[in-house]
Amino acid sequence: MAYGIGAILAVIVGVIVGLIFRKQIYDEVDRLEGWKMDIMNREVTEELSKVKSLNLSGETQERFESWRSEWDDILSKQLPHLEEQLFEAEDYADKYRFGSAKKVIKAIEDHLKTIESSIDKMFEELETLLHSEENSRKDIETLHPQTKQLRKKLLQQRHRYGSAEVRFEVMIDAAEEKLQSYYQLVEQGNYFEANELVQTMKDEIDQLTVQIEEFPSLYKMCKQELPSQIEDLVNGLKQMSDDGYRVEAYNFEEELAGFQEQLNRYSEQLDKADMEEARSGAIEIEERVNEMFAQLETEAIAKSYVEKHQPNLLSQLQSIREDIRLSKEEIEVLQHTYQFEDKDLEIHTSLEKWVNLLLKQYNDIMDELEEGLPHSSIREELERWEVQLQELIEQHQQFKERLHEVRAGEREAKEQITVMKQKLIAVNRKLQKSNIPGVPLYLQNAIEAAAHSLYRVHDLLDEQPLDMIKVRESLDNATKETESASEQTELLLDQAALVETMIQYGNRYRSQYPFTAAKLSEAERSFRNYEYDQALELATDALEEVEPGARDRLGEYIGVSSTVG
């Protein structure tokens, strides 16, 4: 019984699935039927009727008949055949032959797409034809006035065209004849060919317009302007040569003769209205002629420059050469007195070689000037040479300053020794005038060391040759020792003065404070033994015990800093 129920359910499911598939086939058939009806209702006939506004003959007649025949075939044969296929698809669906139904539907859909494509192409060609006729008609209406305007310009300015005026007239006539053939093509219904003709003529007339516009200036350039400039150049070259300019080296005459031949050929071509070669050739000649004028102007300026600067440069060279020779003599003298570094001697040797090289280069440039080299080339070489000359002058000036520094260093050293000696004398004088019991050994040694260092510098200055490096080192050391001795002396005298004042001030407390009396006595002993820093410390301890701040007040009173000690 279970098997029976299963079989029944399977049958029911199969029936339901079949009904669903059949419903899908019916929906597809309805869709394609609607598509077919849409094609049948297209206003193809109305669109094709637009062609009747044109001249139905020739190419247009052929295209119209082709389109109408194609549309009739679609309506009378292809769409009815598709109708039969739609019925066939429904029949397959009714018989549950879904695979066959789908194949038929696919074929119908492909066929409808082909028909759609044919109609689109038909409309596109029709649109092209109509636009072609409209555009060509508008263009032809502008081309006729354009040719008339060109002819009018030729008549009014015929003197600017020379013999080419006739050639341009012939070109205009030919253009107008081709334009007339447009109307013949239209009468024959060949609108596409007529449009191609108009577009071609539009380009040709535009080109002819450009030629007629450009011709007068090009004609004048080749016939008058450039020949006149070439003649001016030739006369200018002769005049400059007579005036002593080196223009022969440029070989302009031969080049200018070639330009004249080219211009004669261009003039012949222009008389035939042939502008192609003349247009580019004339521009090149004009540029080259301008270059020649510029070169001649440069040559004239260069000659003036050479004649003006050459004597001055020679004078500078001779002057620096003599200065370097004198520097050499000065070095030979100074070497007996001063010890020179190797690099200083090497610098002077290089300066000698440099000036000799510049002298040789100058002579070479003057030889080239005598040989007839253009002044512009001579000027370039002189300017480069002058840069080197000025650099040599600067280098030699720096070297002279170096020699001056050697002598100046000796004078400065002697002046500084004198200053340091005076400072030591002042130190000894201060010590002698002071009331201190004596000078501590450390200060005596410092003063003696400073004096010895100064004598050492003095001895070095007497040596021959003089080594200024050693002199500077010894002078720096002597200066430091002298300054140190002077500072220590000032400190010692300040300490001694402060100690004496504090002991005298502390005497008032001796009877009242035994401890203070003992400390002051000890301070006096140290003072008499030249131990001034220890005496100051003992006196400070004694007073600060009974009168805090006494040291600072007493130091301020006698003008001694509180930091002393």
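Count residues from 1 along the sequence.
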Taking only distance into account, with no hydrogens and no angle test, what donor-acceptor pairs under 3.5 Å do side-chain atoms of residues 536-549 form with protein atoms, sequence neighbours excluded?
unit_1 : atom_1 : unit_2 : atom_2 : d
T540   : OG1    : L536   : O      : 2.7
T540   : OG1    : R551   : NH1    : 3.3
E544   : OE1    : G549   : N      : 2.8
E544   : OE2    : G549   : N      : 3.4
E544   : OE2    : A550   : N      : 3.4
E544   : OE2    : R551   : N      : 3.3
E547   : OE1    : Y505   : OH     : 2.9
E547   : OE1    : Y509   : OH     : 2.6
E547   : OE2    : Y505   : OH     : 2.9
E547   : OE2    : R553   : NH2    : 2.6

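For residues 202-242, the set of pairs meeting the ring pair (Phe, Tyr, Trp, His ring centres under 6.0 Å) definition, not counting sequence neighbours, comprises Y161-F215, F168-F215, F215-Y219. Sequence neighbours left out, not one pair with a member in residues 474-498 passes ring pair (Phe, Tyr, Trp, His ring centres under 6.0 Å). Among residue pairs with one or both ends in residues 426-444, those qualifying as side chain to side chain donor-acceptor pair (under 3.5 Å) are K430-E490; sequence neighbours excluded. Legend: ring pair (Phe, Tyr, Trp, His ring centres under 6.0 Å) pairs involving residues 277-322, not counting sequence neighbours, sorted by first then second residue: Y305-H309. The stretch residues 503-517 participates, sequence neighbours left out, in these salt bridge (Lys or Arg N to Asp or Glu O under 4.0 Å) pairs: R510-E524.
Taking a 6.0 Å sphere around CZ of R321, one finds it holds 12 or fewer heavy atoms contributed by other residues, nucleotides or ligands. E352 CD: more than 12 foreign heavy atoms inside a 6.0 Å radius.
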Apply the test side-chain hydrogen bond (donor to acceptor under 3.5 Å, both in side chains) to residues S377 and E381: give CA-CA distance (whole Å), side-chain angles for both, the deciding distance (0.1 Å), then the verdict. CA-CA 6 Å; S377 299; E381 292 190 34; over 6 Å; no
Start with the C-alpha distance between F259 and E286, add both sets of side-chain angles, then the distance that settles side-chain contact (heavy atoms from CB on, under 4.5 Å), and finish with yes or no. CA-CA 10 Å; F259 289 160; E286 183 181 35; over 6 Å; no
Intermediate values then yes/no, side-chain contact (heavy atoms from CB on, under 4.5 Å), L431 and I447: CA-CA 11 Å; L431 290 173; I447 294 173; 3.6 Å; yes
Step by step, work out the side-chain contact (heavy atoms from CB on, under 4.5 Å) result for R456 and N477. CA-CA 10 Å; R456 168 64 178 160; N477 184 58; over 6 Å; no
With side-chain contact (heavy atoms from CB on, under 4.5 Å) as the criterion, how do Q269 and E276 come out once you've worked through the C-alpha distance, each side chain's angles and the decisive distance to 0.1 Å? CA-CA 9 Å; Q269 294 172 350; E276 185 175 354; over 6 Å; no
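A salt bridge between R265 and E261 is absent, with no side-chain N of the basic residue lying under 4.0 Å from a carboxylate O of the acidic one. Electrostatic pairing of E299 and K303 does not count as a salt bridge here, judged by no charged N lying under 4.0 Å from a carboxylate O. Between E291 and R288 there is a salt bridge, since a side-chain N of the basic residue sits under 4.0 Å from a carboxylate O of the acidic one. At a threshold of 4.0 Å, the pair D476-R472 does not count as salt-bridged, since none of the basic side-chain nitrogens sits closer than that to a carboxylate oxygen.
With a 4.5 Å cut-off on side-chain heavy atoms, D323 and Q397 do not count as touching. No side-chain heavy atom of E481 sits less than 4.5 Å from a side-chain heavy atom of M420. Within the 4.5 Å cutoff, the side chain of N235 has heavy atoms near those of the E231 side chain.
Scanning both residues, W354 and E391, for their nearest heavy atoms gives CH2-CG, 3.5 Å. Contact detail for L369 and I378: the closest heavy-atom pair is N-CD1, 3.7 Å.
With sequence neighbours excluded, the residues that form a side-chain contact (heavy atoms from CB on, under 4.5 Å) with E322 are R325, L326. Legend: residues meeting side chain to side chain donor-acceptor pair (under 3.5 Å) with E531, ordered by chain and number and at least two apart, are absent. In this structure, E380 has no salt bridge (charged side-chain N to carboxylate O under 4.0 Å, His left out) partners at least two apart in sequence or on a different chain. Under the rule for a side chain to side chain donor-acceptor pair (under 3.5 Å), Y532 has no partner lying at least two apart in sequence or in another chain. For K238, the side-chain contact (heavy atoms from CB on, under 4.5 Å) criterion is met by D242, not counting sequence neighbours. Judged as a ring pair (Phe, Tyr, Trp, His ring centres under 6.0 Å), and not counting sequence neighbours, the contacts of W385 are Y362.
A donor-acceptor pair under 3.5 Å is formed between the side chain of S267 and the backbone N or O of L263. Between the side chain of S319 and the backbone N or O of S315 there is no donor-acceptor pair closer than 3.5 Å. Checking side-chain atoms of T482 against main-chain N and O of T479 turns up no donor-acceptor pair under 3.5 Å. Formation of a donor-acceptor pair under 3.5 Å by the N264 side chain with backbone atoms of Q260 is found in this model. No donor-acceptor distance shorter than 3.5 angstrom exists from the side chain of S228 to the backbone of Q224, with no hydrogens or angles considered.
When each of Q361, R384, Q316, E394 is paired with L389, the side chain to side chain contact (heavy atoms under 4.5 Å, CB included) condition holds for Q316 and for no other.
S484 and Q488 are linked by a side-chain donor-acceptor pair at a separation below 3.5 angstrom, with hydrogens and angles left out of the test.
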